[in-house]
A.B. asks: 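Okay, here's the structure, questions in a sec.
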Amino acid sequence: MRKLRLHQRLLSGLLAGALLLTPVMAFTDTEGHWAEAAVNKWSQEYGVLQGYDDGSFRPDDSITRGAFAGILDRFLQFQAAAPAGTFSDTLGNRWEDSILKLNAAGVYLGSEGKALPGDSITRQQAMTMVARAFQLGGADAALPYHDEAQVAGYARPYIAELTARGWITDALDNSFRPTEPLTRAELVNLLNNMIQVLIQTGGTYSSNVDGSLLINAAEGATLSNMTVTGDLLIAPGVTGAVTLDNVTVQGAIRNFSAVTPQITNNPPTVTPQEPAPPEQPGTPSSGEDFDWGIVVTPPPASTGTPTDPTQPIGPGIQPIEVYTPGQLTGETFTYDDKQIPVYAGTEKSRVQHGDFIWAADHPDRLVYIGGQFRTRFGIDISAYQNRASENETIDWQAVRNDGVEFAFVRVGLRGYSSGKIAEDAFYRQNIQGAMAAGIETGVYFFAQAITVEEAIEEADFVIQCLQGLEINGPVAYDWEMGNSSYRVYGIAPEMATACAVAFCKRIQEAGYTPMVYQSSYVGYIKYDQGAIAPYLCWYPEYKSDKSEKLCPTYYYQPDYWQFSSKCSIAGIGGNVDVNIQFIR
């Protein structure tokens with residue numbers, strides 16, 4: 001099929017600042033280079049590749065971490081930015097804005113509070129950041145490279161995902177070279193493999209695309225009477241209308257923006273992904289497996305009406321076999337302009353603004369000063385915190401000495417893209433360390449179950465992981481929908497509830513205390529609160545000194561409140577999620 005050829009002016013400036021400007025012509029040092037075709041495509045055909053004033057491109061030079069952030073930011077046009085003080089070494093740096101945007105999106109995590117913008121980015125760091133930026137969940141497949149043992153644990157699933165998709169084509173002699181600096185040619189080659197056409201200016205386009213098409217024009221665009229053989233991607237920076245009129249997308253529509261595409265006269269093969277829920281998601285992992293920052297209108301199909309487990313969902317165990325619908329009180333409350341029913345047997349929140357203050361000696365920690373509860377301070381961690389700590393080891397005694405009374409350790413996860421289950425690389429070490437330090441220790445599993453069978457599989461995986469280990473805290477079911485790329489998105493509320501209940505029942509049968517992690521959107525729209533009322537509630541809502549209401553605003557009373565993801569804890573590198581437990 002004929003590729004969509006855009007005028008050069010539509011794409012100019014994509015790599016501005018990252019690759020210095022030269023006229024749109026062949027570079028003096030790319031003839032015969034293995035990446036010549038990709039370089040020429042993005043320079044001569046599209047007019048976006050830029051080199052140096054002497055006419056060279058320097059394809060084999062390395063790229064700094066900061067410049068790499070600038071390129072990804074220009075590609076996807078991220079909107080939200082992390083606070084200026086997030087990293088200690090970015091103030092005044094030319095790439096500070098891009099780095100902070102990528103950090104807010106969960107792409108650029110830094111190391112021990114530093115962004116290291118002037119350091120060359122390694123191949124494994126670059127692949128990880130690209131996968132995060134494009135919200136690829138990672139795969140648990142074995143790597144086909146003879147030096148795969150040198151690949152760091154944090155990068156392994158992302159490299160496996162990019163490899164499985166056929167986008168890594170520069171591993172000569174079956175060698176990935178994970179710690180070598182990424183070159184400019186290697187970056188061009190990777191992005192060229194991933195994206196065939198880029199639209200940066202609004203308008204109407206009607207030529208077929210053989211491969212994937214990315215729209216990052218802020219004003220949006222109209223696609224009409226055409227076929228895209230790969231994916232159609234809509235960047236976070238798109239704020240105008242995106243219209244698909246008689247368009248066939250043979251891949252997936254991957255929408256990272258706040259705009260819902262308008263689809264008219266399209267063949268039935270076009271299946272847009274559901275937009276992401278309007279929430280600030282909490283992330284107990286706070287790290288490498290998740291990408292946040294996409295907030296759009298919730299799906300109109302989910303109205304918050306009571307679930308009906310008697311309705312068939314599909315093959316396998318049905319919701320009616322798992323739980324009985326909760327009883328309604330007849331009362332409702334408003335959430336996102338919807339009337340949400342109140343279930344009998346649930347406890348309304350008993351905390352309010354004025355019950356919390358920031359600690360004088362720890363200004364990033366909230367302290368409860370109300371009179372309804374006794375409280376404790378705790379954290380939740382995953383492999384991300386290990387990798388941000390010296391020697392990838394958390395000093396749990398230092399954590400205990402810093403006032404931490406309980407901890408939730410991620411024991412494993414199901415990939416939100418691949419659907420594969422994997423254990424957290426450091427869960428055993430963290431459980432043993434926390435317990436030895438006298439910290440009450442529970443665990444959580446990042447769940448992505450879309451059937452009851454999968455929820456039971458996840459529970460059994462956790463139980464198996466805990467064999468031979470002692471814990472004295474709850475086991476949490478952390479089922480999230482961070483954005484529309486999550487495999488669970490679109491699941492019916494009755495099935496979502498059945499999965500949560502099935503997991504909790506299995507955990508309870510094994511002798512542990514189950515708990516359900518639930519954001520506002522999931523708790524109100526996807527869960528029958530009457531059915532999950534018997535289980536502990538863990539609720540995320542992040543606060544800062546700019547928060548209008550310094551308290552959890554959830555209708556129901558949580559047992560645990562995850563109030564920040566950016567706390568400093570002695571003995572742990574990087575940011576840490578922190579929680580308050582309410583003890584009745």
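Quick caveat, the model's predicted, so the values are computed rather than measured.
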A.B. asks: May I ask you to check whether Asp60 and His33 show a side-chain donor-acceptor distance below 3.5 Å?
C.D. replies: yes
A.B. asks: Distance to the ring centre below 6.0 angstrom and angle to the axis at most 45 degrees; does that hold for Arg184 and Phe57?
C.D. replies: yes
A.B. asks: Indicate yes or no for a side-chain donor-acceptor contact from Gln464 to the backbone of Asp460 under 3.5 Å, with no hydrogens or angles considered.
C.D. replies: no
A.B. asks: State, with a plain yes or no, whether a side-chain heavy atom of Trp167 is found less than 4.5 Å away from one of Glu161.
C.D. replies: no
A.B. asks: I'd like to know if the side chain of Asn208 and the backbone of Thr227 have a donor-acceptor N/O pair within less than 3.5 Å.
C.D. replies: yes
A.B. asks: Evaluate the side-chain proximity of Ile253 to Leu244: yes if any heavy-atom separation is below 4.5 Å, no if none is.
C.D. replies: yes
A.B. asks: Check whether any side-chain heavy atom of Arg387 sits under 4.5 Å from a side-chain heavy atom of Phe426, and report yes or no.
C.D. replies: yes
A.B. asks: Do any N or O atoms from the side chain of Gln196 and from the backbone of Ser212 form a donor-acceptor pair under 3.5 angstrom?
C.D. replies: yes
A.B. asks: I want to check something: taking the side chain as every heavy atom from C-beta on, are Phe256 and Gln77 in contact at a cut-off of under 4.5 Å?
C.D. replies: no
A.B. asks: Tell me whether Glu458 contacts the main-chain N or O of Ala447 through its side chain, where contact means a donor paired with an acceptor under 3.5 Å.
C.D. replies: no
A.B. asks: What verdict does the side chain to side chain contact (heavy atoms under 4.5 Å, CB included) test give for Arg58 and Thr183, after you've listed the backbone C-alpha separation in whole Å, the side-chain angles of each residue and the deciding distance to 0.1 Å?
C.D. replies: CA-CA 9 Å; Arg58 305 177 193 175; Thr183 69; over 6 Å; no
A.B. asks: Is Glu180 close to Glu186 at the side-chain level, that is, under 4.5 Å between some pair of heavy atoms?
C.D. replies: no
A.B. asks: Do the side chains of Leu232 and Leu223 get nearer than 4.5 Å, heavy atoms only?
C.D. replies: yes
A.B. asks: To the closest 0.5 Å, what do you measure between CG (Asp170) and CG (Asn189)?
C.D. replies: 5.5 Å
A.B. asks: Check each of Glu480, Glu457, Glu423 against Arg414 using the salt bridge (charged side-chain N to carboxylate O under 4.0 Å, His left out) test, and report the only one that passes.
C.D. replies: Glu457
A.B. asks: Do the side chains of Asp380 and Tyr517 get nearer than 4.5 Å, heavy atoms only?
C.D. replies: no
A.B. asks: Taking all atoms of both residues into account, what is the closest heavy-atom pair of Ile450 and Val488, and its distance?
C.D. replies: CG2-CA, 3.8 Å
A.B. asks: If we count only N and O atoms by modelled type, under 3.5 Å, do the side chains of Asp147 and Ser175 hold a donor and an acceptor together?
C.D. replies: yes
A.B. asks: Let me see the working for Asp478 and Arg410 under salt bridge (Lys or Arg N to Asp or Glu O under 4.0 Å), right down to the final yes or no.
C.D. replies: CA-CA 10 Å; Asp478 174 20; Arg410 187 181 69 172; over 6 Å; no
A.B. asks: Would Met129 and Tyr108 satisfy side chain to side chain contact (heavy atoms under 4.5 Å, CB included), going step by step from the backbone distance to the final call?
C.D. replies: CA-CA 7 Å; Met129 288 176 63; Tyr108 197 124; 3.3 Å; yes
A.B. asks: Let me confirm one number: the CG-OG distance from Asp577 to Ser382, rounded to the nearest 0.5 Å.
C.D. replies: 8.0 Å
A.B. asks: Would you give the length of the straight line joining atom CG of Leu72 to atom CG of Leu76, rounded to the nearest 0.5 angstrom?
C.D. replies: 6.5 Å
A.B. asks: Against Phe503, only a single residue in Trp479, Tyr444, Phe461, Tyr477 fulfils ring pair (Phe, Tyr, Trp, His ring centres under 6.0 Å); can you say which?
C.D. replies: Tyr477
A.B. asks: Please give me the minimum heavy-atom distance between Leu102 and Phe78, naming the atom from each residue.
C.D. replies: CD1-CD1, 3.5 Å
A.B. asks: Have Asn391 and Thr393 got a donor and an acceptor in their side chains that come within less than 3.5 Å?
C.D. replies: no
A.B. asks: What's the spacing between Gln150 CD and Arg177 CZ if we round to 0.5 Å?
C.D. replies: 11.5 Å
A.B. asks: Under 3.5 Å, side chain of Asn216 to main-chain N/O of Phe75, donor-acceptor pair present?
C.D. replies: yes
A.B. asks: Verify, without hydrogens or angle tests, whether Ser389 (side chain) and Gln385 (backbone) share a donor-acceptor contact under 3.5 angstrom.
C.D. replies: yes
A.B. asks: Under the 3.5 angstrom rule, does the side chain of Thr204 hit a backbone N or O of Thr222 as a donor-acceptor pair?
C.D. replies: no
A.B. asks: What orientation do Tyr489 and Tyr521 show, parallel under 30°, tilted 30 to 60°, or perpendicular over 60°?
C.D. replies: parallel
A.B. asks: Under the side chain to side chain contact (heavy atoms under 4.5 Å, CB included) rule, what do Leu233 and Phe134 come out as? Steps first, then yes or no, please.
C.D. replies: CA-CA 9 Å; Leu233 300 91; Phe134 285 90; 3.8 Å; yes
A.B. asks: Using 0.5 Å steps for rounding, measure from the CZ atom of Arg65 to the NZ atom of Lys114.
C.D. replies: 12.0 Å
A.B. asks: Where do Val39 and Phe27 land on the side chain to side chain contact (heavy atoms under 4.5 Å, CB included) test, with the steps shown first?
C.D. replies: CA-CA 9 Å; Val39 171; Phe27 296 107; 3.6 Å; yes
A.B. asks: Could you verify whether a donor N or O on one side chain and an acceptor N or O on the other, from Asp245 and Thr264, lie under 3.5 Å apart?
C.D. replies: yes
A.B. asks: Give a yes or no on this: more than 12 heavy atoms of other residues, nucleotides or ligands lie within 6.0 Å of atom CG of Asn174.
C.D. replies: yes
A.B. asks: What are the two closest non-hydrogen atoms of Val238 and Gly220, and how far apart are they?
C.D. replies: CG1-CA, 4.0 Å
A.B. asks: Please report the shortest heavy-atom distance between Asn93 and Pro117, naming the atom on each side.
C.D. replies: ND2-CG, 3.5 Å
A.B. asks: Could you measure the distance from the CD atom of Gln448 to the CD1 atom of Ile491? Nearest 0.5 Å is fine.
C.D. replies: 9.5 Å
A.B. asks: Is the number of heavy atoms from other residues, nucleotides or ligands within 6.0 Å of CD (Glu112) greater than 12?
C.D. replies: yes
A.B. asks: If you take all heavy atoms of Ile159 and Thr163, which pair is closest and at what distance?
C.D. replies: O-OG1, 2.7 Å
A.B. asks: Over all heavy atoms of both residues, which pair between Ser257 and Ala235 is shortest? Give the atoms and the distance, please.
C.D. replies: CB-O, 3.2 Å
A.B. asks: Asn386 versus Ile394: any side-chain heavy-atom pair under 4.5 Å?
C.D. replies: yes
